[in-house]
Protein chains: 2
Amino acid sequence: MSKLYHVLEFAKLAGVTVRALHHYDRLGLLKPNRTETGYRLYYLRDLERLEQIVALKFLGIPLKQIRHMFERSTSAMSDSLQMQRRVLEEKRRLLDSAIRAIEEAEKSTAPGNRPDSAILKKIIEVIEMQDNMDWSKKYYSEEAQAKMEERKKLWSPENQERWSKEWSDLFRDVEAALGEDPASARAQALAARWKKLVEGFTGGDQQITAGLGKMYQDRPNWPANMQQRMQPFSNKKVWEFIQKAFAAGKTAS
Amino acid sequence: MSKLYHVLEFAKLAGVTVRALHHYDRLGLLKPNRTETGYRLYYLRDLERLEQIVALKFLGIPLKQIRHMFERSTSAMSDSLQMQRRVLEEKRRLLDSAIRAIEEAEKSTAPGNRPDSAILKKIIEVIEMQDNMDWSKKYYSEEAQAKMEERKKLWSPENQERWSKEWSDLFRDVEAALGEDPASARAQALAARWKKLVEGFTGGDQQITAGLGKMYQDRPNWPANMQQRMQPFSNKKVWEFIQKAFAAGKTAS
DNA sequence: CTTGACTCTGACGTTACGTCAGGGTTGAAC
DNA sequence: GTTCAACCCTGACGTAACGTCAGAGTCAAG
């Protein structure tokens, strides 16, 4: 004599709301029997189904897809779950990133009540940094990544700022010297400045330098926002000039 | 002569869609100038604002709230961020739980293509288990938690099943013996079975036993679904009877 | 027969845009 | 001067999973 439940009763039993049961009913996920007057009547076996729905929902699977999984009883479950796991892992990455961004901002603005704009700036900075790190990871060896993690500590916003400015200056200066002989003293001085700035990033480490090289070669595949930021440095002649200058420097020495 | 941008241009610059800019405009988050014919015109300084919006959105803060943060320029930023961090950390907990549930299910059903229902059962089981663990954590000391983590490995679904059934049986038997003398042989036998089942969970460990005790004392504060599951064991007379039996056992020995 | 506790359906609200649809604007080519 | 592609505008519906009324019927007890 398997007991019969009315909505509210059944909802409490399963820990969901009456409205949710209505919803699942309409979506065809869980269609209970009805009394003559239209009241919904649930059996105990409906509870099992409902628990499955709630579980799959907890995994972030949309209701429509849950229905599909029930209908085409073909064992698509395993595949769906695998896919869903990947989706969730990706979400977790973003979540972690957001949490870390807030943590960093809280840490670096802890002393006193800094203005909102300063906090925001820090947050944007951290997010961009993580974005870059995450994306550029694939160019660097494990070892190089570890070393960069170390060197990251030296990258205060001020250093960052100064480094960017020096690159801009240098690039402008090289552009102005494009007519020169790459072996000339002026060109060699520019090449030296260039080398120094690169080393400011690599710390002279071979592994990091190698990764940087790979990344540079892969320019066409950089994401849009990266290309955007590199646009002021896109003048190919400058890069060629510097390469020639390095070559000239080597043969000379 | 700060450059002027049309929507599409500006959208590309910032890495968002035109529709998003429309949306922010309507919500009053970022209201650009207009040409005489109604075209939106963005200045470079609008980019800063937009980047802030995108950053805060990345942190999961709703657009309405972002607008509030901009409007009442009172430094509510810090507080909002702290709150948001908590929200995100909670989300992450649930995400982790979901991912682990899928992982466990994949692991335990890896050998061959088990039917969907079996996979689902496993998932529900894992979710419930994590739910319980998470919630009951507060009753146990660090040490006890570690030991339980160890003991968890012994908890196969079959053992679980058997243990549940034995509790049901025992409870029924005690109920049937409520009229007996707690010091009688029959009562003492029941008490012994009871002790054994408890030890099946605690492993005889003092720390775990202490935590279990704390949890039992706090019954009124258990979450609804827990109370539900414990409902078959809610007969107070049974608990009192067993306590008396234990007491009688001690004085006797 | 009244009343309180339930139940039903229908419909709008929420979030952050995506996606048309119908209709102007602009600048360059013809 | 016109045409045409490429943009731009506003308005409106769609999405996911229910929450929250609103108006109206049902049920069991007194």
Side-chain angles (χ1 to χ4, degrees), chain A residues 3-42 46 49-70 80 84 87-88 91 94 98, chain B residues 3-42 46 49-70 80 84 87-88 91 94 98:
Chain A
K3 187 168 183 281
L4 288 165
Y5 298 89
H6 279 190
V7 260
L8 183 56
E9 218 176 350
F10 193 67
K12 282 182 182 167
L13 187 64
V16 302
T17 65
V18 171
R19 188 61 180 81
L21 290 176
H22 287 175
H23 197 55
Y24 301 156
D25 186 356
R26 182 166 321 190
L27 292 191
L29 262 171
L30 180 58
K31 283 196 166 303
N33 280 1
R34 300 288 190 130
T35 67
E36 291 170 6
T37 52
Y39 280 30
R40 292 177 176 80
L41 283 180
Y42 293 88
D46 292 325
R49 176 76 164 246
L50 181 52
E51 279 173 348
Q52 294 179 347
I53 295 171
V54 171
L56 290 172
K57 198 167 67 68
F58 179 78
L59 300 184
I61 296 173
L63 297 182
K64 272 189 182 175
Q65 198 181 328
I66 294 179
R67 195 185 48 184
H68 281 152
M69 291 167 67
F70 284 151
S80 295
Q84 188 59 17
V87 171
L88 294 183
K91 270 195 186 175
L94 295 176
Chain B
K3 189 171 182 277
L4 288 166
Y5 298 88
H6 278 190
V7 259
L8 182 57
E9 218 176 350
F10 192 67
K12 282 183 182 167
L13 188 63
V16 302
T17 66
V18 171
R19 189 61 180 81
L21 290 176
H22 286 175
H23 197 55
Y24 301 157
D25 187 356
R26 183 165 321 191
L27 293 190
L29 261 172
L30 180 59
K31 283 196 165 303
N33 280 0
R34 300 288 190 132
T35 67
E36 291 170 5
T37 52
Y39 280 30
R40 291 178 177 79
L41 283 179
Y42 292 88
D46 291 325
R49 175 78 166 244
L50 181 53
E51 280 174 346
Q52 294 179 346
I53 295 171
V54 172
L56 290 173
K57 198 167 69 66
F58 179 80
L59 301 184
I61 296 173
L63 297 181
K64 271 190 182 174
Q65 197 182 329
I66 295 179
R67 196 185 47 184
H68 281 152
M69 290 168 68
F70 284 152
S80 295
Q84 188 59 16
V87 171
L88 294 183
K91 270 194 185 177
L94 296 176

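Numbers restart at 1 for each chain; the letters A, B, ... are given by sequence-line order, proteins then strands.
- Separating the CG atom of B:Leu8 from the P atom of D:dA6 is a distance of 13 Å, rounded to the nearest angstrom.
- Put simply, CG on A:Leu30 is 15 Å from C1' on D:dC18, counting in whole angstrom units.
- Atom pair B:Gln65:CD and C:dT14:C1' shows a separation of 15 Å (rounding to whole Å applied).
- Using a 4.5 Å heavy-atom cutoff, the side chains of A:Met69 and A:Gln52 are not in contact.
- For D:dC18, one of the phosphate oxygens OP1 or OP2 lies less than 4.0 angstrom from a side-chain nitrogen or oxygen of A:Lys57.
- Distances shown here put every side-chain N or O of B:Lys64 at or beyond 4.0 Å from the OP1 or OP2 atom of C:dA16.
- Atoms CZ (B:Arg67) and P (C:dA16) sit 11 Å apart, rounded to a whole Å.
- Ring pair B:Tyr39/B:His6 is perpendicular by interplanar angle, where above 60° counts as perpendicular and below 30° as parallel.
- Between the CD atom of B:Glu9 and the P atom of C:dT26 there is a distance of 16 Å, given to the nearest Å.
- Positionally, the nearest nucleotide of DNA chain D for B:His6 lies more toward the 5' end than for the other of B:His6 and A:His6.
- Atom NZ of residue A:Lys57 and atom CG of residue A:Leu29 lie 11.0 Å apart, to the nearest 0.5 angstrom.
- Residues from residues 15-26 of chain A that place a heavy atom under 4.0 Å from any atom of DNA chain C, listed by number: A:Arg19, A:His22.
- Regarding A:Lys31, its NZ atom lies at a distance of 14 Å from the C1' atom of C:dC8, rounded to whole Å.
- A salt bridge does not link A:Arg40 to A:Asp46: none of the charged nitrogens lies less than 4.0 Å from a carboxylate oxygen.
- Seen from the ring of B:Phe70, B:Arg49 counts as a face-on cation partner, given the 6.0 Å and 45° thresholds.
- Residues A:Leu50 and A:Phe10 form a side-chain contact, since some pair of their non-hydrogen atoms from C-beta on lies under 4.5 Å apart.
- Taking atom CD of residue A:Glu36 and atom P of nucleotide C:dC8, one finds them 15 Å apart after rounding to whole Å.
- Counting non-hydrogen atoms of other residues, nucleotides and ligands closer than 6.0 Å to NZ of B:Lys64 gives a total of 12 or fewer.
- Around NZ of A:Lys31, the count of heavy atoms belonging to other residues, nucleotides or ligands within 6.0 Å exceeds 12.
- Following rounding to the nearest Å, A:Lys12 (NZ) and C:dT7 (P) show an atom-to-atom distance of 9 Å.
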What N/O pairs connect the protein and nucleotides 28-30 of chain D at under 3.5 Å? Give each pair on its own line.
none

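- Between A:Thr37 and the phosphate of D:dC27, there is a side-chain N or O to OP1/OP2 separation shorter than 4.0 Å.
- Considering CD of A:Gln65 and CG of A:Leu63, their distance stands at 10.5 Å, rounded to 0.5 Å.
- One finds a side-chain N or O of B:Arg40 lying less than 4.0 angstrom from the OP1 or OP2 phosphate oxygen of D:dT10.
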